[in-house]
Amino acid sequence: MEDLTGPAAAQNPPNPTEAFPLQSRVATQDAKIGSETPAADAVGDAARKRPSGGDASAPAPADKRRRPEPPSSSSASREHRHHHNHHHHGRRPPPAEEKVRASHILIKHEGSRRKASWRDPEGVAISATTRDDAADLARALRDQIVSGDRKFEDIAAENSDCSSAKRGGDLGSFGRGRMQKAFEKAAFALKVGEISDVVDTESGVHIIKRTG
């Protein structure tokens with residue numbers, strides 16, 4: 001049997017790759033695999049190329065000056081409400097309507113626009129009464145009131161040709177533009193408690209007392 005470790009073998013030294021064919025191929029294959037991994041090589045290259053001064057990919061420092069932020073919807077709404085309320089409260093409210101309260105005694109006559117009343121439904125007496133006669137009667141009734149002999153309400157209830165007679169002549173409160181011009185002017189000119197002289201309107205002649 002031939003001894004492979006003898007002199008003949010010394011003349012032709014064995015090839016390491018042939019002597020260890022499996023291990024050599026494995027090592028060679030591992031070396032190839034290592035060199036064919038681009039991710040690993042890229043990481044290595046990047047690590048080698050990175051400057052020592054710091055990370056070049058870090059973002060530039062932010063500007064320390066802060067930009068003004070627009071108001072939020074809630075703050076804008078509060079500002080709008082403040083402006084609206086300030087503007088609203090700054091306006092003066094409209095002045096209250098000037099009103100008076102008065103009672104009267106009406107004596108109709110032939111010149112009255114409506115020649116009838118609760119006292120004279122057919123207008124017979126009214127049509128026969130002149131304006132001067134009506135005025136004289138009104139003054140006589142006024143004298144009784146001013147002298148204190150009789151109350152205004154009682155005389156109105158008996159003698160006034162207006163339907164307000166059942167309320168003692170009370171017309172309630174009224175503002176400007178509600179009565180005939182002459183009546184309105186006289187009523188607003190009176191002080192509370194005062195009684196007017198004879199006032200002529202299209203309805204007849206009046207004695208007016210301001211009550212409020």
Side-chain donor/acceptor of Asp133 to backbone N/O of Thr129, under 3.5 Å: no
Separation between CD of Gln144 and CZ of Phe152, rounded to the nearest 0.5 Å: 12.5 Å
Atom pair CD (Glu97) and CZ (Arg176), whose distance is rounded to the nearest 0.5 Å: 10.0 Å
Donor-acceptor contacts, no H, no angles, side chain residues 134-143, under 3.5 Å, sequence neighbours left out:
from, atom 1, to, atom 2, distance (Å)
Arg142, NE, Ser196, O, 2.7
Arg142, NH2, Ile195, O, 3.2

List the atom pairs, donor and acceptor, that lie under 3.5 Å between side-chain atoms in residues 178-188 and the rest of the protein, sequence neighbours left out.
from, atom 1, to, atom 2, distance (Å)
Gln180, OE1, Glu202, N, 3.0
Gln180, NE2, Ser203, OG, 3.0
Glu184, OE1, Gly177, N, 2.6

Distance-only polar pair, side chains of Ser147 and Asp149, donor-acceptor under 3.5 Å: yes
Residues that His109 engages under ring pair (Phe, Tyr, Trp, His ring centres under 6.0 Å), provided they are two or more places apart: none
Within one Ile-Leu-Val-Met-Phe-Trp-Tyr cluster: Ile145 and Leu106, side-chain cutoff 4.5 Å: no
Nearest atoms (heavy-atom pairs only) where Ser112 meets Gly204: OG-CA, 3.7 Å
Residues which pass side chain to side chain contact (heavy atoms under 4.5 Å, CB included) with Lys151, listed by chain and number, not counting sequence neighbours: Glu153, Asp154
Which pairs would a plain distance check flag for residues 116-123, meaning a side-chain donor or acceptor within less than 3.5 Å of a matching protein atom at least two apart in sequence or in another chain?
from, atom 1, to, atom 2, distance (Å)
Ser117, OG, Arg119, N, 3.2
Ser117, OG, Asp120, N, 3.2
Ser117, OG, Asp161, OD1, 2.9
Trp118, NE1, Ser160, O, 2.7
Trp118, NE1, Cys162, O, 3.3
Arg119, NE, Glu158, O, 3.4
Arg119, NH1, Asp161, OD1, 3.0
Asp120, OD1, Gly123, N, 3.0
Asp120, OD1, Val124, N, 3.1
Asp120, OD2, Val124, N, 3.1
Asp120, OD2, Ala125, N, 2.7
Asp120, OD2, Ile126, N, 2.9

Got a list of side-chain donor-acceptor pairs under 3.5 Å for residues 205-212, not counting sequence neighbours?
from, atom 1, to, atom 2, distance (Å)
His206, ND1, His104, ND1, 3.1
His206, NE2, Thr201, OG1, 2.6
Arg210, NE, Gly212, O, 2.9
Arg210, NH1, Leu190, O, 2.8
Thr211, OG1, Arg101, O, 3.2

